[in-house]
Every structure is written in C-alpha cells, then in structure tokens.
Trainee: 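If you scroll down you'll find the structure; I have some questions about it.
The first residue of the sequence shown is numbered 1, and numbering continues consecutively from there.
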Amino acid sequence: MTKLLEEAIRKASQLPPDMQDRIGAAILAEMEPDLAWEATLARTESLEVLDQWAAEALANLQAGRTEPLDPEVM
C-alpha cells in the first residue's frame with residue numbers, strides 16, 4: 001500500500017461511521033471500471049481476442065460505422 005493511501009485510510013478511520021461508509025463506497029465505485037476491465041482481460045485466453053477486437057474496431061472505423069465520442073452527450 002502506498003503512503004498516500006495509508007494516510008487517507010488513517011484519516012478516514014477517524015471520521016464518523018457514516019462518512020467512512022460514504023468514502024468507502026466512493027472508492028469502490030471509482031475502482032469498479034478498472035476491476036471489471038481486469039476481469040475481462042483475465043478471461044481472455046490470449047492476445048488473439050484483443051487483436052480481433054482491434055481489427056473489428058478498425059474495420060468499423062474505415063467503413064464509416066463509427067461516430068466521434070462526445071463527452072458532453074454521455
């Protein structure tokens with residue numbers, strides 16, 4: 001564990017239980033997408049799957065079947 005995380009946990013442990021729960025929920029929510037991605041990668045049997053996804057994405061882009069991502073629409 002890093003020193004910064006240790007300090008954050010130490011300080012959070014001094015807060016009332018309801019605030020600790022809110023902080024814990026926020027940390028878990030922040031980590032969820034990364035953990036989900038790691039789980040997806042762990043399930044892939046090889047890099048061939050990732051290569052296939054990349055080839056499909058590139059083919060879709062070249063065929064004009066993609067749209068620019070607009071963060072304001074999310």
Side-chain angles (χ1 to χ4, degrees):
M1 183 180 316
T2 68
K3 291 186 185 293
L4 182 59
L5 183 56
E6 285 177 357
E7 180 182 348
I9 290 173
R10 182 182 54 76
K11 287 184 177 184
S13 71
Q14 298 170 5
L15 297 171
D18 62 318
M19 290 181 74
Q20 290 183 32
D21 284 345
R22 287 194 307 237
I23 291 169
I27 291 170
L28 292 173
E30 180 68 25
M31 292 172 40
E32 189 172 324
D34 292 330
L35 295 175
W37 178 243
E38 290 295 326
T40 298
L41 290 178
R43 287 192 304 270
T44 60
E45 294 183 16
S46 69
L47 291 178
E48 292 174 15
V49 173
L50 296 176
D51 288 340
Q52 179 184 353
W53 290 347
E56 289 173 13
L58 185 57
N60 284 328
L61 176 65
Q62 291 170 342
R65 294 186 296 258
T66 62
E67 296 178 13
L69 178 62
D70 183 354
E72 298 299 322
V73 175
M74 298 175 79

Trainee: Among all residues two or more places apart in sequence or in another chain, which pass the side chain to side chain donor-acceptor pair (under 3.5 Å) test with K3?
Mentor: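 Once residues adjacent in sequence are excluded, K3 has no partner under the side chain to side chain donor-acceptor pair (under 3.5 Å) criterion.
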Trainee: Are K11 and E7 ion-paired here, with the side-chain N under 4.0 Å from a carboxylate O?
Mentor: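 So K11 pairs with E7 through a salt bridge.
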Trainee: May I have all residue pairs that pass salt bridge (Lys or Arg N to Asp or Glu O under 4.0 Å) and include part of residues 53-69, sequence neighbours excluded?
Mentor: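 Qualifying pairs, neighbours excluded: none.
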Trainee: List, by chain and number, the other hydrophobic cluster members for I9, where Ile, Leu, Val, Met, Phe, Trp and Tyr join if side-chain heavy atoms come within less than 4.5 Å, directly or indirectly.
Mentor: M1, L5
Trainee: Say you draw a straight line from CG of N60 to OG1 of T66; how long is it, rounded to the nearest 0.5 Å?
Mentor: 7.5 Å
Trainee: Hydrophobic side-chain clustering at under 4.5 Å (ILVMFWY, transitive links): who's grouped with M19? Put none if nobody.
Mentor: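 Joined to M19, directly or through intermediates: L15, I23, I27, M31, L35.
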Trainee: Nearest 0.5 Å, please: how far is CD in E38 from CG in D34?
Mentor: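 Rounded to the nearest 0.5 Å, the CG-CD separation comes to 7.5 Å.
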Trainee: Once side chain to side chain donor-acceptor pair (under 3.5 Å) is applied, do any residues pair with E30, and if so which ones, sequence neighbours excluded?
Mentor: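 None.
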Trainee: With sequence neighbours left out, which residue pairs that include part of residues 12-24 fulfil the side chain to side chain donor-acceptor pair (under 3.5 Å) condition?
Mentor: none
